[in-house]
Every structure is written in structure tokens, then in C-alpha cells.
Asker: 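Have a look at this one.
Bear in mind that the values here come from a model prediction, so they are computed numbers and not experimental data.
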Amino acid sequence: MTRTTPGLVLDGVTLTLGDGDETVTALDDVSLSVDPGELVAIVGPSGSGKSSLLAVAGALVAPTSGTVEVGGTALAGLSARRLTALRREHIGFVFQSGNLVPALTALDQLRLPLTFGKVSEPRDPATLLAEVGMDHRARRRPHQLSGGERQRVGIARALVTQPKLLLVDEPTAALDRQRSQEIVGLLAREAHEHGVAAVMVTHDHEVLHHCDRVLEMADGRLSQVDRSLS
């Protein structure tokens, strides 16, 4: 049986921030493997290290020690140019507010990432927009969309390059309960159907039933959450 290459592997990752007596250990010997088609939620209080984990996993910050792999590619030793290409082609980011470009329509938001460089197998922007239920808003700009609609467009934009890894930061922070369920359900469906390894940081415990695994971060360390308590 062929073994599937994980979308993300962190092995013994430590991240220390600051200098001298002011150093803070943001990540403390963190190990994590996320398979294609898996949505993993990470919960924990503010300041526990969740954002640092996303930054390291997204090749935005190099760890102090330990190793990081995205889709089987080790990040250590890659040049700045190679890291930029890897982020562009293999990592999708979804932010709290959608982080859309104000002047662009919903459809053009999806076309934009495909103009930055060669993408081997992009998804069709119009088809993907329809898949997330936003084809009827294709010509609308961000100020003409609701919060939930902006998040749907943001998710579609992150997926248009067919990334190996999807990193999601508090996608329901500004949404009501119904929209929150819809958005995380959409994330789970996209991860499962298209084989994307997805990691979602959230404070919203009501959406955790959509996730395949739930981990808790405290003081820079990860631990498994008992799903029966979710």
C-alpha cells in the first residue's frame, strides 16, 4: 500500500522570540502531522502559541529548532525565493476578515493568485466560486458582500491554486452562529473532497464537530482533546 505524504509535518519545533531576559518560548517542542483530506482544529487561549504555529507552518517564520515539511518539502535551507514560491503554489491562507482586495470583484479575487506565477494545476475560478455558493455574487466587490460571503470568497481564493496545505485563522470570529457552522462545514467539505491538509485555529467550540481532530495549545505545547467533551 502506498503511503500518503502528509500535507504538513512539524517535528520537535521550538520557536523562541525576543532577546536576553525578555525571551518567550512561543512554541515548545511541537510535533504535528496533518494528512491530505484532514481538517485539524487547534484551540487554546490567546497567547498560547496558536498564531505562532500558523506562522511557522506557513513558512512565514523559521523555527528556532526542529523541522517543518509542507507536502514532503523540507523548509530548512530553502532560499527566500523558494519559500515565496512554495507559499504561493502550495499553501493557502484564510484570514479572519477574508482579507479581500477592495477594488476587485469576487471572481477577480480568485483570478488574482493565478497571475503571480506559474501554478501547475489551478482550479477554474468560476467553477470554484460556484462550488462555495458565490457564483451569484461573482461581480460584487467586498463592500457589497456580507461577512459570511466574504469568508466564502476568501476560502475559494485560498483553494484556487490547489494548495497542499490550508491554514485558517479564526474564520468565524465575526460571524453569527449559523454562518459559522456554514463556513466551517464548507472548509471540512473542501478538505475532504479535494485532499487538502487543513489546520484551523479557532476559539469557537461550537464548530468543532466538523473537524477530524481537535488539539489544544497551552503555553506553546500541543495536546489531544477528548472529542467526547467537545
Side-chain angles (χ1 to χ4, degrees), residues 1 3-17 24-76 90-96 155 158 163-173 177 180-181 183-230:
M1 183 174 65
R3 183 175 179 179
T4 302
T5 301
L8 172 67
V9 176
L10 305 180
D11 187 8
V13 167
T14 295
L15 178 65
T16 303
L17 304 174
V24 174
T25 301
L27 299 175
D28 187 2
D29 193 25
V30 170
S31 293
L32 171 65
S33 180
V34 184
D35 289 331
E38 185 179 27
L39 173 59
V40 175
I42 298 178
V43 299
S46 298
S48 61
K50 302 187 304 298
S51 296
S52 294
L53 187 147
L54 289 185
V56 169
L60 297 171
V61 176
T64 305
S65 61
T67 61
V68 182
E69 293 184 8
V70 173
T73 299
L75 304 191
H90 299 308
I91 304 176
F93 295 90
V94 179
F95 304 96
Q96 290 186 31
I155 291 168
K164 296 177 180 178
L165 175 63
L166 184 66
L167 300 175
V168 187
D169 185 14
E170 297 286 0
T172 67
R177 183 173 183 178
S180 295
Q181 296 294 334
I183 288 300
V184 181
L186 172 61
L187 285 167
R189 188 188 77 208
E190 288 292 330
H192 297 159
E193 293 183 359
H194 295 278
V196 182
V199 178
M200 176 182 69
V201 162
T202 183
H203 282 96
D204 188 352
H205 286 245
E206 294 187 357
V207 301
L208 297 180
H209 63 280
H210 293 288
C211 304
D212 300 295
R213 276 191 290 154
V214 180
L215 304 175
E216 183 174 16
M217 178 155 273
D219 298 324
R221 286 181 169 268
L222 277 181
S223 60
Q224 189 77 34
V225 170
D226 185 347
R227 296 304 297 273
S228 67
L229 302 178
S230 302

Asker: Looking at every non-hydrogen atom in both residues, tell me the closest pair between Thr5 and Gly71 and how far apart they are.
Answerer: CG2-C, 3.8 Å
Asker: Might you point out which heavy atoms bring Ala57 and Ile91 nearest each other, and give the distance in Å?
Answerer: O-CD1, 4.0 Å
Asker: Do you know the tightest heavy-atom contact between Ser33 and Val9?
Answerer: OG-CG2, 4.0 Å
Asker: Give me the atom names and distance for the closest heavy-atom approach of Leu75 to Val56.
Answerer: CD1-O, 4.2 Å
Asker: Could you tell me whether Arg177 atom CZ has more than 12 heavy atoms of other residues or ligands within 6.0 Å of it?
Answerer: no
Asker: Please walk me through it: do Leu10 and Ser31 pass side-chain contact (heavy atoms from CB on, under 4.5 Å)?
Answerer: CA-CA 5 Å; Leu10 305 180; Ser31 293; 5.7 Å; no
Asker: So, the side chain of His194 versus the backbone of Glu190: is there a donor-acceptor pair under 3.5 Å, distance only?
Answerer: no
Asker: Can you tell me how far apart NE2 (His205) and NE2 (His203) are? Round to the nearest 0.5 Å.
Answerer: 8.0 Å
Asker: Give the C-alpha distance, both sets of side-chain angles, the deciding distance and a yes or no for side-chain contact (heavy atoms from CB on, under 4.5 Å) between Leu208 and Thr202.
Answerer: CA-CA 9 Å; Leu208 297 180; Thr202 183; 4.0 Å; yes
Asker: Judged by atom type as modelled, is there a donor-acceptor pair below 3.5 Å linking the side chain of Gln224 to the main-chain atoms of Arg213?
Answerer: no
Asker: Of all the heavy-atom pairs spanning Pro6 and Pro36, show the shortest one and how long it is.
Answerer: CA-CD, 4.1 Å
Asker: Mind checking the NE2-NZ spacing from His90 to Lys164? Nearest 0.5 Å is all I need.
Answerer: 4.5 Å
Asker: Mind checking the CG-OG1 spacing from Leu17 to Thr64? Nearest 0.5 Å is all I need.
Answerer: 7.0 Å
Asker: Taking all non-hydrogen atoms of both residues into account, name the closest pair between Ala158 and Phe93 and its distance.
Answerer: CB-O, 3.5 Å
Asker: So which of Val40, Val196, Asp212, Leu166 actually passes side chain to side chain contact (heavy atoms under 4.5 Å, CB included) with Val34?
Answerer: Val40
Asker: Side chains of Leu187 and Pro171: closer than 4.5 Å at any heavy-atom pair?
Answerer: yes
Asker: Has Lys50 got a side-chain atom pairing as donor or acceptor with Pro45's backbone, closer than 3.5 angstrom?
Answerer: yes
Asker: State, with a plain yes or no, whether a side-chain heavy atom of Leu222 is found less than 4.5 Å away from one of Leu53.
Answerer: yes
Asker: In Å, rounded to the nearest 0.5 Å, how long is the span from CG of Leu32 to CD1 of Ile42?
Answerer: 6.0 Å
Asker: Which distance, rounded to the nearest 0.5 Å, do you find between the CG of Leu54 and the CE of Met200?
Answerer: 11.0 Å
Asker: Rounded at 0.5 Å granularity, tell me how far CD1 in Ile183 sits from NE2 in His210.
Answerer: 10.5 Å
Asker: Could you tell me whether a side-chain N or O of Asp169 sits under 3.5 Å from a main-chain N or O of Phe95, the two making a donor and an acceptor?
Answerer: no
Asker: Do the non-hydrogen side-chain atoms of Val68 and Val13 ever get within less than 4.5 Å of each other?
Answerer: yes
